[in-house]
Amino acid sequence: DAKTTQPPSMDCAEGRAANLPCNHSTISGNEYVYWYRQIHSQGPQYIIHGLKNNETNEMASLIITEDRKSSTLILPHATLRDTAVYYCIVRPGSSNTGKLIFGQGTTLQVKP
Amino acid sequence: EAQVTQNPRYLITVTGKKLTVTCSQNMNHEYMSWYRQDPGLGLRQIYYSMNVEVTDKGDVPEGYKVSRKEKRNFPLILESPSPNQTSLYFCASRTQGGGNQPQHFGDGTRLSIL
């Protein structure tokens, strides 16, 4: 599975957009980009995923560069409850083990 | 409500006393998996199951057993727990359809082995 690089921490003001970057320069053609978050030792929560195209759901937007070597997760209006560790994960869509490799992630602190 | 349920949420026990952590999902998912999370090591996969009666080892299977007799349940068994199995455990599930479907995680079980 491709390795990802994320900044260890970021701050964001409440109500502003939070833009979390992820570098995955060695991504393969069949690998998807997934984003999960973990709030204070709770179970990881799925946010969004994509292959090539930008994606949007009720939680966030995912912007993937044309060369697919990096992506950005956008939380459009961050709230205090969005304070969490955010993980960017790349893996094949048809992985036999289904294993998710969680790196160190980005700790997002949303401040009032 | 679609969910993955783990029990117990917290357990303190002693070395060598067999224990089972249950995991149940109500989404009719084929795939289920167990992870452990330790400081500085992230989440590591222990075992996974592609469907009923089909299980396989993950990255850190030593000291653990699993079974998958029913689609909804995937218990994690520690036959003779040791202190190095003190950890935060998560169960996850997903549908096999499409292969790229996201995994849904339980709320975790914090085990302390004294």
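Residue numbers begin at 1 in each chain, while the letters A, B, ... track the order of the sequences. No experiment lies behind these values; they were computed from the predicted model shown.
Side-chain heavy atoms closer than 4.5 Å link hydrophobic residues (I, L, V, M, F, W, Y) into clusters, and following such links, possibly through other members, connects B:L76 to B:I113. Connection of B:Y89 to B:F105 is not established within any shared hydrophobic cluster, with ILVMFWY side chains joined at heavy-atom distances below 4.5 Å, either directly or through further cluster members. Grouping the Ile, Leu, Val, Met, Phe, Trp and Tyr side chains by contacts below 4.5 angstrom, directly or via other members, places B:V66 apart from B:L43. Cluster membership check: B:L78 does not share its hydrophobic cluster with B:Y48, using side-chain heavy-atom separations under 4.5 Å among Ile, Leu, Val, Met, Phe, Trp and Tyr.
Of the two parts of B:R110, only the side chain, counted from C-beta on, holds a non-hydrogen atom closer than 4.5 Å to a non-hydrogen atom of chain A. Residue A:Q45 does not touch chain B at all, counting heavy-atom pairs closer than 4.5 Å.
Going from atom CG of A:L100 over to atom CZ of B:F90 covers 13.0 Å, rounded to the nearest 0.5 Å. Note: A:Y46 OH to B:Q101 CD = 8.0 Å, rounded to the nearest 0.5 Å. Interatomic distance, A:I101 CD1 to B:Q45 CD, rounded to the nearest 0.5 Å: 9.5 Å.
Applying the salt bridge (Lys or Arg N to Asp or Glu O under 4.0 Å) test to every pair with at least one member in residues 65-84 of chain A, sequence neighbours left out, gives these pairs: A:R37-A:D82.
Within the 4.5 Å cutoff, the side chain of A:P44 has no heavy atoms near those of the B:Y35 side chain. Using a 4.5 Å cut-off on side-chain heavy atoms (C-beta onward), B:Q103 and A:Y36 make contact. Put simply, the side chain of B:S33 does not reach to within 4.5 Å of the side chain of A:K99, judged on heavy atoms. A:Q38 is listed as a side-chain neighbour of B:Q37, based on a closest heavy-atom distance under 4.5 Å.
The local environment of CZ in A:R16 is sparse, with at most 12 non-hydrogen atoms from other residues, nucleotides or ligands closer than 6.0 Å. For CG of B:L114, the number of neighbouring non-hydrogen atoms (other residues, nucleotides, ligands) closer than 6.0 Å is greater than 12.
When each of B:P102, B:G108, B:S49 is checked for heavy-atom pairs under 4.5 Å with chain A, B:P102 comes out on top.
Grouping Ile, Leu, Val, Met, Phe, Trp and Tyr by side-chain contacts under 4.5 Å, direct or through others, puts A:I74 with A:I63.
Nearest heavy atoms, B:L88 versus A:S41: CD2-O, 3.7 Å.
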